[in-house]
Amino acid sequence: MAKKRSGGGLTQTQQAAKFLGVAALSGAVLAGIALPAFGTLGLAAKGTVKGFDDIPSNLQTPPLSQRTRILDSKGGQIATVYERDRTVVPLAKVSPYMQKAIVAIEDARFYQHGAVDLKGVLRAVNRNAQEGGAAQGASTLTQQYVKNVFVEEAGNDPTKVAEAQQKSLGRKIRELKYAIQVEEKLGKKKILENYLNITFFGEQAYGIESAAQRYFSKSAKDLTLPESALLAGLVQSPSRYDPVNDKEEAKLRRDTVLKRMADVGDITPAEEAKAKATPIQLKVTKPRSGCITSIQGAGFFCDYVRKTFLTDPAFGKTEEERQKIWATGGLTIRTTLDPKNQAASNEAATSKVNKDDKIADAVVQVQPGTGKILAMAQSRPYGLDQKKHETVLNLSVDNKMGGTYAGFQVGSTFKPITAAAALEKGISPNTVFDTDWKIGLPGASFRTCDNSPADGGTWSVQNEMQTEKGAFDMTSALGKSINTYFATLEQKAGLCETVTMAQKVGYIRGNNKPLMFTPSTTLGGQESTPLAMASVYATFANRGTYCSPVAIEAVTGRDGKQMSVPQSQCSQAMSTDTADTVNQMLKGVVEDGTGAQAGLSDRDNAGKTGTTDERKNAWFVGYTPNLSTAVWVGSDGSKQIPMTDITIGDQYYDKVCGGCLPGPIWRTAMTGALGSDAPSFNFIDVPRGNTKPEGDDEKGKHKGDDGKPGDTNTPDPGISIPGLTVGGTTVGGNDAGGTRGNENGGNRG
C-alpha cells in the first residue's frame, strides 16, 4: 500500500494513479483504448468522478490572435499590428520535415494512441515512483494543444495564464476530458495543424509560419530538415534553446530532435548525420508591430485608427468586447488616408520645423463633404525613443483620442465662426464698427443660451498694434484680423448664437468638455485641435454642411466578412449663402490679408491666420472647395514657449505669426496634395461698408484690402461705434479674455 506524505496528502504516484482511475470510472474511451483494467487502481472517490463528468464536454476554442493590416485608401499598407505575431497556415503549407520533427520530439506515438498515451503515462508513473518527483512527460500532443488553447484564451491576463499552466491534477483531468473530445471531433491531421499554429516558438513568434519567418525569413513550407529540427526543439523551452542568444545550446537540442527522428524511422542515419553536421544558419527578421512601422509619418494616424476602433460602439457594444476583437486581430482595415496627401503633409510638417526644435507642428487634411481624414502629420516622429525626439502624443486630436490634455488655443482662426453666426442672424457683412485699438465691453452684454450674463465685469480687448483702429467692415476685419471688431460683432450677434454655431460646425474643446459661454470665445480662447479646425473650415468649403471626421472606410473580419463601420454624420450648419459669403471674405485673407504668404495662385482658396497671447500658438487654417488643411505650430511640452526671438527649423524669427510660419507649411501641404482639378467657390457678391474717414477724396467709396474700389454700401444705422475707453478688469483667465488672437499681418512678421 502506498504511503501517505507527512501532510496527509497522496503521493505523486497515487495522484497519477488517481488520474487514470478517474478516466476509467468516468467510462471514457480514449480513442479506442479502454481503461477498465486500471479501475482496480480505483483511487478515485465518487465525488471526483462526478467532478470529471461535470466538466463541459465542448472545448470552446478561441480564435487564434493574428496580425491586423491597416491600409490606406488605395490599398497600400500603413502598418501591421498584433498582440501575438501569428499567421495561420494549413498543414499542407508546412514542411513535411517540420511535421515529422514536432511529432517525433513531442509525441512519437501520436498516430498510434488516442487522447492519452497509456504507455507514456505508465512510463512516467513508474519513473516518478522510482525518483520521487512530479509526474511529467506524459502529456500527448493533443493534451498540449488543449493546454495551449487555455493559454490563448487567457490572453494577456497573467492570473489566467498562470491558471492555464499550473501543474495540478485538476488541470490534467480537465485537459484529458477535452482531449477526448478533440480527438473524436478533429482527427489527427487537424490536431497537428492546430498545434503548429497555436504553439509559441520564442522571439515573439506564435505558430510555425511566424517562427519560420522570424528565424529563417522563409515560409514554413520551405523549412529544411535541420531548420525543422531546430524549431521543433524550441517548444520545450523557447528561452533556453533560443538560437539567437545561444547557438550552442540550440544545436544540442536540435541534434536531440534529429536523433529522435532517426530512432522512430522518420529519417535515415545518413540524413541524421548530414543534418547534425550542418551549422545553424539564421536569417533573423526582427518583429515589427504597431504604428511605429508606419511610413510617411503616418504613425499618429495609425494610432488614431486604433483608438477609433477601441472607442466606437460600431465595433463592439462594450470596451471589453472591442478590446478582445482588436487583440484577436486578423482584421483588414482600409482607412481614409490618401498616400499622396499624407506624403505632402509629412513633407510640409518637417520642412520648416525640425524634430529636435523646442517647437513642434501638426498638419491635418480633411475632405469637405465626406469628413474623410486624408492626412495627419507632425514634426516629431512617432515612437517612444525620447533621445530621437520621438513621441506618441498626437498633436492633431483631442485628449480622448491620444492628444494633449487640453488642446491649443486657436486664436483668430475662430473669427469666421463668429462671422457665420452673425450672418445667420441677419447681420450684413457691410456692417461697420469704428473702434479704438483697445476697448472695454460689459460682460453682462454677452448672454448665455438661458439669457444669463456671461460675466459681471468688463472685458478688455485690444488689437495687435495701436495703429489698428478706426472703421472696419466684416471683410476688412477678417483680412486684418481685428480683435475689437469681432468682440463687438460677437456682442451684437449673441454669445449664445456664436457658441451654438461653433457646436454646429464641429468645434470641440481639446479636453472633451462642453464649450463654455465666455466672451473670449470669438478670439479663440477655448482650446481645440487641428483636426477639429480642419473639419470646421471644411464646412465652409462644403457650402455650410458639416461632416464629422472619419478615419475608417471598411473593416474585413478574420472570417472574411465585412464589419459595420462608423459613418460620417453630415448636417446643415448654416445656409449656403452664409457659407458662400464667408468663403468670399476669407479669399481676401490669402490674397492680401494676414495670410498672403500662404495663398495659392492657381486656384480658388481661402483661409485664416491665428496667433495667441505671447505667440505661444500660431495657426493657419485654409481650404479649397475640395480640401481643408489645418496647421498648428507651438509647444508640445508642459511649458508653453513664447515664439519670439526664436530659431525654428534653422530659421530665426523675431515674432512668429500665423501667416509667416504655419502659412508656408500650409501652402506646401496643399500644393503637394492637390491635383489638376481646381473647382471654384460659388461666387457671391459680398456687400462692403464705407470705412473711409469723412472728408476723404474718395468719400462714398471703399478701397478693399486689395486696393481696389469696393461697394458704396453704407453701414446699418446705429452700427458705427466710436472708440470705447477701457474700463474695469479683464474677465477671467485664458478662457475669458486672456487670448487676443493677434496677427502681425502678411509680411510684417
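All heavy atoms count here, side chains included; hydrogens, waters and symmetry mates do not.
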- Item | Asp636: salt bridge (charged side-chain N to carboxylate O under 4.0 Å, His left out) partners, not counting sequence neighbours | Arg380
- Task: For Tyr507, check ring-ring contact (aromatic ring centres under 6.0 Å, His included) against everything at least two apart and list the hits.
- Result: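 For Tyr507 the ring-ring contact (aromatic ring centres under 6.0 Å, His included) partners, ignoring immediate neighbours, are Phe414.
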- Query: Sequence neighbours excluded, which residues qualify as ring-ring contact (aromatic ring centres under 6.0 Å, His included) partners of Phe517?
  - Reply: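 Residues passing ring-ring contact (aromatic ring centres under 6.0 Å, His included) with Phe517: none at all.
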- Item | side-chain contact (heavy atoms from CB on, under 4.5 Å) partners of Ile292, counting only residues at least two apart |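 Scan of Ile292 (side-chain contact (heavy atoms from CB on, under 4.5 Å), adjacent residues dropped) gives Tyr382.
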- Query: With Ala362, which residues qualify under side-chain contact (heavy atoms from CB on, under 4.5 Å), at least two apart?
  - Reply: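 Partners of Ala362 under the side-chain contact (heavy atoms from CB on, under 4.5 Å) test: Gln378, Leu395, Ser396, Pro530, Trp632.
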- Task: Only counting residues at least two apart or in another chain, list the ones meeting side chain to side chain donor-acceptor pair (under 3.5 Å) with Gln296.
- Result: none
- Message: Under the rule for side chain to side chain donor-acceptor pair (under 3.5 Å), what residues qualify as partners of Ser638, not counting sequence neighbours?
- Response: none
- Could you tell me which residues satisfy ring-ring contact (aromatic ring centres under 6.0 Å, His included) with Trp326, sequence neighbours excluded, listed by chain and number?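 Checked Trp326 against ring-ring contact (aromatic ring centres under 6.0 Å, His included); matches are Phe309.
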- For Ser445, which residues count as a side chain to side chain donor-acceptor pair (under 3.5 Å) partner, sequence neighbours excluded?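 Counting only residues at least two positions away or on another chain, Ser445 forms a side chain to side chain donor-acceptor pair (under 3.5 Å) with Gln491.
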- By side-chain contact (heavy atoms from CB on, under 4.5 Å), which residues pair with Thr350, not counting sequence neighbours?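 With sequence neighbours excluded, Thr350 shows a side-chain contact (heavy atoms from CB on, under 4.5 Å) to Asn346, given in chain and number order.
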- Message: Restricting to side chain to side chain donor-acceptor pair (under 3.5 Å), what partner residues turn up for Asn399, sequence neighbours left out?
- Response: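 So Asn399 forms no side chain to side chain donor-acceptor pair (under 3.5 Å) with any residue.
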- side-chain contact (heavy atoms from CB on, under 4.5 Å) partners of Ala420, counting only residues at least two apart: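 side-chain contact (heavy atoms from CB on, under 4.5 Å) list for Ala420, sorted by chain: Met501, Phe540, Met574, Thr578, Val582.
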